[in-house]
Amino acid sequence: MLVDTDILIWNLRGHEGAADLLDGAGGFHISAVTYMELVQGMRDKAEFRLLRRSLHQWDAHLVHISEEVSSRATFLVEEYALSHNMQLAGALIAATALHLGDRLVTANDRHYRHIEGLEIQLFRA
């Protein structure tokens, strides 16, 4: 499974359901976009170290943006920017899930539900 940024933010805010999901996953993927969004939201080095330790503990695998992911994301923006307000970060995250053949676990399904072939697992906070 590919975990969307919002799930990790819920966990960092102490949400028990998000913690249970991540702790019980037995490893998962995150997009490089998600990682960068999280790092940009850190308030200090202590939070950054906690994030790094948590990702290691969860056996989270960082998926970098490849040419294939970039190409898929470009298509998604072309296809859905005007009709569904597809944004860059969401397109890259969705393209990563499609590339991996993973389901995307997110609380923001409205960002993704229109994308054909993308399996979504909705998390309710």
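None of these values were measured; they are calculated from a predicted model.
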**Prompt:** With hydrophobic residues grouped by side-chain heavy-atom distances under 4.5 Å, do Leu104 and Leu88 end up in a single group?
**Reply:** yes
**Message:** Once ring pair (Phe, Tyr, Trp, His ring centres under 6.0 Å) is applied, do any residues pair with Tyr80, and if so which ones, sequence neighbours excluded?
**Reply:** His84, His114
**Asked** Under a single-linkage definition using a 4.5 Å side-chain heavy-atom cutoff for Ile, Leu, Val, Met, Phe, Trp and Tyr, are Val33 and Leu51 assigned to the same hydrophobic cluster?
**Response** no
**Asked** Checking side-chain contact (heavy atoms from CB on, under 4.5 Å) against Val3, which of Leu22, Asn11, Thr106 comes through?
**Response** Leu22
**Hphob cluster co-occupancy, Leu118 + Phe28, side-chain heavy atoms under 4.5 angstrom** = no
**Request:** Taking all heavy atoms of Ala91 and all of Val77, pick out the closest pair and write down the distance.
**Result:** CB-CG2, 3.6 Å
**Request:** Hey, could you give me the OG1/NE2 distance between Thr34 and His29, rounded to the nearest 0.5 Å?
**Result:** 12.5 Å
**Prompt:** Can you find a heavy atom in the side chain of Ile30 that is under 4.5 Å from one in the side chain of Ile93?
**Reply:** no
**Request:** Calculate, to the nearest 0.5 Å, the distance between atoms CG and OG belonging to Leu12 and Ser54 respectively.
**Result:** 7.0 Å
**Prompt:** When rounded to the nearest 0.5 angstrom, what distance separates CG in Leu50 from NZ in Lys45?
**Reply:** 14.5 Å
**Smallest separation among heavy atoms of Met1 and Ala25, with atom names** = CE-CB, 3.1 Å
**Prompt:** Between Phe123 and Ala18, which heavy-atom pair has the shortest distance, and what is it?
**Reply:** CZ-N, 3.5 Å
**Asked** Asp4 and Val105: side-chain contact (heavy atoms from CB on, under 4.5 Å), yes or no, with the steps?
**Response** CA-CA 6 Å; Asp4 199 4; Val105 181; over 6 Å; no
**Request:** Apply side-chain contact (heavy atoms from CB on, under 4.5 Å) to Leu21 and Gln121, showing your working.
**Result:** CA-CA 11 Å; Leu21 173 72; Gln121 178 182 329; 4.0 Å; yes
**Complete:** Between Ile9 and Leu38, the two heavy atoms sitting closest are CG1-CD2, 3.8 Å
**Message:** Suppose we screen for salt bridge (Lys or Arg N to Asp or Glu O under 4.0 Å). Which residues come up paired with Asp109, at least two apart in sequence or across chains?
**Reply:** Arg113
**Item:** Any residue meeting salt bridge (Lys or Arg N to Asp or Glu O under 4.0 Å) with Glu78, in chain and number order, not counting sequence neighbours
**Value:** none
**Asked** Between Thr96 and Leu92, is there a donor-acceptor pair closer than 3.5 Å when you use the side chain of the first and the backbone of the second?
**Response** yes
**Item:** Hydrophobic cluster identity match, Leu55 and Leu2, side-chain contacts under 4.5 Å
**Value:** no
**Request:** Check whether any side-chain heavy atom of Leu62 sits under 4.5 Å from a side-chain heavy atom of His64, and report yes or no.
**Result:** yes
**Qualifying residues under side chain to side chain donor-acceptor pair (under 3.5 Å), relative to Trp58, sequence neighbours excluded** = Asp23
**Asked** Do you know which two heavy atoms are closest between Ile7 and Ala107, and how far apart they sit?
**Response** CD1-N, 3.8 Å
**Message:** Return the CD1 to CD1 distance between Ile115 and Ile120, rounded to the nearest 0.5 Å.
**Reply:** 7.0 Å
**Message:** Quick check: do Glu16 and Asp20 have side-chain heavy atoms less than 4.5 Å from each other?
**Reply:** yes
**Message:** side-chain contact (heavy atoms from CB on, under 4.5 Å), that's the test. Do Asn108 and Arg110 meet it? Break it down for me.
**Reply:** CA-CA 5 Å; Asn108 292 323; Arg110 73 181 189 284; 3.7 Å; yes
**Asked** What are the two closest heavy atoms between Tyr112 and Ala94, and how far apart are they?
**Response** CD2-CB, 3.8 Å
**Item:** Transitive ILVMFWY side-chain link Leu8 to Leu122, under 4.5 Å
**Value:** no
**Complete:** Output for pair (Ser66 OG, Arg72 CZ), nearest 0.5 Å, gives 9.0 Å
**Request:** Side-chain contact test, heavy atoms from C-beta onward, threshold under 4.5 Å: evaluate it for Glu79 versus Leu76 and give yes or no.
**Result:** no
**Request:** Would you please name every residue forming a salt bridge (Lys or Arg N to Asp or Glu O under 4.0 Å) with Glu47, sequence neighbours left out?
**Result:** Arg43
**Item:** Residues that Phe48 engages under side chain to side chain contact (heavy atoms under 4.5 Å, CB included), provided they are two or more places apart
**Value:** Tyr35, Val39, Met42, Arg52
